[in-house]
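Whatever order the structure lists them in is the order used to number ligands and atoms, beginning at 1. Model, not experiment: these values are computed from the prediction.
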Amino acid sequence: MAVQKTYEELARPPKPGSWEGVYWGAVSSIMRTVGGRLSESMRIGYQYGFDSGEMLDYIYCNEAHGAWGIGQLLDRIHLNAIGWRGIRQRKAHLQALLREAIDRQQAPGKSIHIVDVAAGPGRYLLQVLQELGQDGLQVTLRDWDETGLAQGQMLAQTMGLKVVRYERGDAFDPNDLARITPRPQVVIVSGLYELFPDNALIARSLNGIDTLLEAGGLLIYTNQPTHPQLELIARCLPNREGKSWVMRLRSQEEMDRLVAEAGFQREKTLIDRWGIFTVSLASKGQ
Ligand SMILES: C[S@@+](CC[C@H](N)C(=O)[O-])C[C@H]1O[C@@H](n2cnc3c(N)ncnc32)[C@H](O)[C@@H]1O
């Protein structure tokens, strides 16, 4: 089996004129010119970034669209990529742990505040609300990207959800997190830390979430221990800032250590059958 390149190796572009540079340059330009024009998911990826909330929302819907029959076919092939299948499984796991978290926090007369600190449009959360009903629930969906927030707001309106509020916020700024009121009983952080290599940044965010959460509250967090297409993604797909999308893998031990150091106790982890994405539930002490 080929040895996977490290984050640092993938973050360095291939040398100009090297065979690797020529190869990836050709693959990348075919994907952009052909895929980007014909397939709707590729168009969204090139416009907003393949790691954006807008992209993930399209992946969750899993409906192929494109120009002519060929565009739709290319879109289906892209939607079926192993990483996106893993993302849809991650959504199902996230929803299962969210239902459990709500169930555990429920008590007569108690209102539960759920906060997602980097939600994108937050379709996974809206669907759970629709399924469980809105009574006794209050939801704050935050993100740094205003387009994803506006898209979510429209979706929530279409679904008739009234207990949902969208606001811009920085998940890495503890002072900004502390502005969220009332203090939540459940916090979600999904698909965010995988985009950032620096553990100090993750620790800052987790400490901010720990301060924010009510005593006895629950944290749902994701992690990405591996991915079979790291190099293709790093060489060909732009992220939300228009830069190369270099994924930061963390072993589950590394991620759990960060969560434990911030004061949480991990209770359970769900993982897809390819081992790409995990979703975990952790609790804050009383
Ligand atoms: C891969 S998407 C995940 C979206 C959603 N949580 C999900 O699981 O489908 C990453 C999200 O993190 C957001 N994001 C990036 N940096 C952020 C920051 N500093 N604060 C809040 N959100 C941020 C992006 O705008 C994007 O919507």
Side-chain angles (χ1 to χ4, degrees), residues 41 44-45 47-62 79 81 83-98 114-129 139-153 155-156 164-180 186-198 200-209 212 219-224 227 233 237-243 245-250 255 270 272 276-280:
S41 58
I44 293 173
Q47 181 172 354
Y48 297 106
F50 284 82
D51 63 345
S52 65
E54 292 87 336
M55 183 74 218
L56 264 67
D57 197 58
Y58 187 84
I59 298 301
Y60 293 145
C61 293
N62 198 20
L79 286 168
W84 296 138
R85 280 150 71 198
I87 282 287
R88 288 190 289 272
Q89 184 58 55
R90 180 177 83 182
K91 171 184 176 241
H93 284 156
L94 190 57
Q95 291 181 316
L97 291 186
L98 178 58
I114 304 163
V115 171
D116 191 323
V117 295
R123 183 179 292 270
Y124 46 91
L125 221 158
L126 302 183
Q127 285 175 341
V128 170
L129 270 188
V139 176
T140 303
L141 293 134
R142 295 185 125 213
D143 202 280
W144 193 244
D145 165 40
E146 309 222 49
T147 315
L149 292 172
Q151 197 174 315
Q153 205 144 25
L155 184 62
V164 181
R165 134 183 122 190
Y166 282 85
E167 59 184 40
R168 189 164 192 234
D170 183 356
F172 294 108
D173 179 352
N175 295 326
D176 191 33
L177 288 169
R179 280 193 267 275
I180 299 172
V186 180
V187 170
I188 300 171
V189 52
S190 164
L192 179 70
Y193 298 154
E194 297 86 321
L195 309 179
F196 294 86
D198 180 7
L201 201 64
I202 312 301
R204 203 163 71 210
S205 171
L206 284 167
N207 284 324
I209 291 172
L212 172 70
L219 168 70
I220 298 172
Y221 63 97
T222 64
N223 184 44
Q224 189 178 342
H227 196 295
I233 292 168
L237 304 186
N239 69 7
R240 67 209 174 282
E241 294 172 345
K243 299 179 182 151
W245 181 12
V246 184
M247 292 173 165
R248 167 60 157 100
L249 303 180
R250 284 186 181 83
M255 188 62 220
L270 305 177
D272 58 68
I276 305 177
F277 296 109
T278 63
V279 188
S280 304

What atoms of ligand 1 come within less than 4.0 Å of a heavy atom belonging to Leu56? 1 (C), 3 (C), 7 (C), 9 (O)
If you round to the nearest 0.5 Å, how far is OG1 of Thr140 from CD of Glu167? 5.5 Å
Ligand-side contact atoms (ligand 1) for residue partner Tyr60, heavy atom cut-off under 4.0 Å: 7 (C), 8 (O), 9 (O)
Out of Asp143, Asp145, Leu195, whose heavy atom sits nearest atom 24 (C) of ligand 1? Asp143
Nearest atoms (heavy-atom pairs only) where Ala156 meets Tyr166: CB-CE1, 4.1 Å
Arg88 pairs by side chain to side chain contact (heavy atoms under 4.5 Å, CB included) with which of Leu56, Asp272, Ile59? Ile59
Looking at Asp116, Leu219, Val115, Ile202, which one forms a side chain to side chain contact (heavy atoms under 4.5 Å, CB included) with Val189? Leu219
What about Ala171: any of its N or O atoms under 3.5 Å from an N or O on ligand 1? yes
Ligand-residue contact atoms, ligand 1 with Gly53, heavy atoms, under 4.0 Å: 26 (C), 27 (O)
Below 4.5 Å, heavy atoms only, C-beta onward: do Val164 and Leu125 meet side chain to side chain? no
Any idea which part of Lys91 is under 4.0 Å from ligand 1, heavy-atom wise: side chain, backbone, both or neither? neither
Of the protein's non-hydrogen atoms, which lies at the shortest distance from atom 19 (N) of ligand 1, and what is that distance? Asp170 OD1, 2.9 Å
Near Gly191 (heavy-atom distance under 4.0 Å), the atoms of ligand 1 are 1 (C), 10 (C)
Would you sort out whether Gln127 and Gln95 count as a side-chain hydrogen bond (donor to acceptor under 3.5 Å, both in side chains), showing the intermediate values? CA-CA 9 Å; Gln127 285 175 341; Gln95 291 181 316; 3.0 Å; yes
Ligand 1 and Arg240, any nitrogen or oxygen pair closer than 3.5 angstrom? no
Interatomic distance, CH2@Trp144 vs CG@Asp173, rounded to 0.5 Å, equals 8.0 Å
Please could you name the atoms of ligand 1 that Arg90 approaches to less than 4.0 Å, counting only its heavy atoms? 8 (O)
For Ala118 and ligand 1, does the shortest N/O to N/O distance drop below 3.5 Å? yes
Which of the ligand 1 atoms, numbered from 1, are nearer than 4.0 Å to a heavy atom of Gly169: 20 (N), 21 (C)
Can you figure out which of Leu192, Ile59, Thr222 has its heavy atom closest to atom 15 (C) of ligand 1? Leu192
Provide the number and element of each atom of ligand 1 under 4.0 Å from a heavy atom of Phe172. 19 (N)
With rounding to the nearest 0.5 angstrom, report the CD1 to CG distance, Ile276 to Leu249. 10.5 Å
Counting only nitrogen or oxygen atoms and a 3.5 angstrom limit, does Ser52 reach ligand 1? no
Quick one: are Leu79 and Tyr58 in side-chain contact, heavy atoms under 4.5 Å? yes
Which ligand 1 atoms, with their elements, are less than 4.0 angstrom from a heavy-atom of Gly120? 27 (O)
Check this for me - ligand 1, Asp116, N or O atoms closer than 3.5 angstrom, yes or no? no
Starting from atom 3 (C) of ligand 1, what is the nearest protein heavy atom, named by residue and atom, and what distance separates them? Ser190 O, 3.5 Å
Against ligand 1, does Gly148 come closer than 4.0 Å with any heavy atom? no
Which one holds for Val117 and ligand 1: side chain close, backbone close, both close, or neither close, with close meaning a heavy atom under 4.0 Å? backbone
Just say parallel, tilted or perpendicular for the rings of His227 and Phe277, cut-offs at 30° and 60°. perpendicular
State, without any angle test, whether Tyr48 and Thr147 hold a side-chain donor-acceptor pair at a distance under 3.5 Å. no
Any nitrogen or oxygen of Asp51, side chain or backbone, less than 3.5 Å from one on ligand 1? no
Interatomic distance, CG@Leu141 vs CD1@Ile188, rounded to 0.5 Å, equals 8.0 Å
Kindly indicate whether the side chain of Leu195, heavy atoms from C-beta on, has any atom under 4.5 Å from the side chain of Trp245. yes
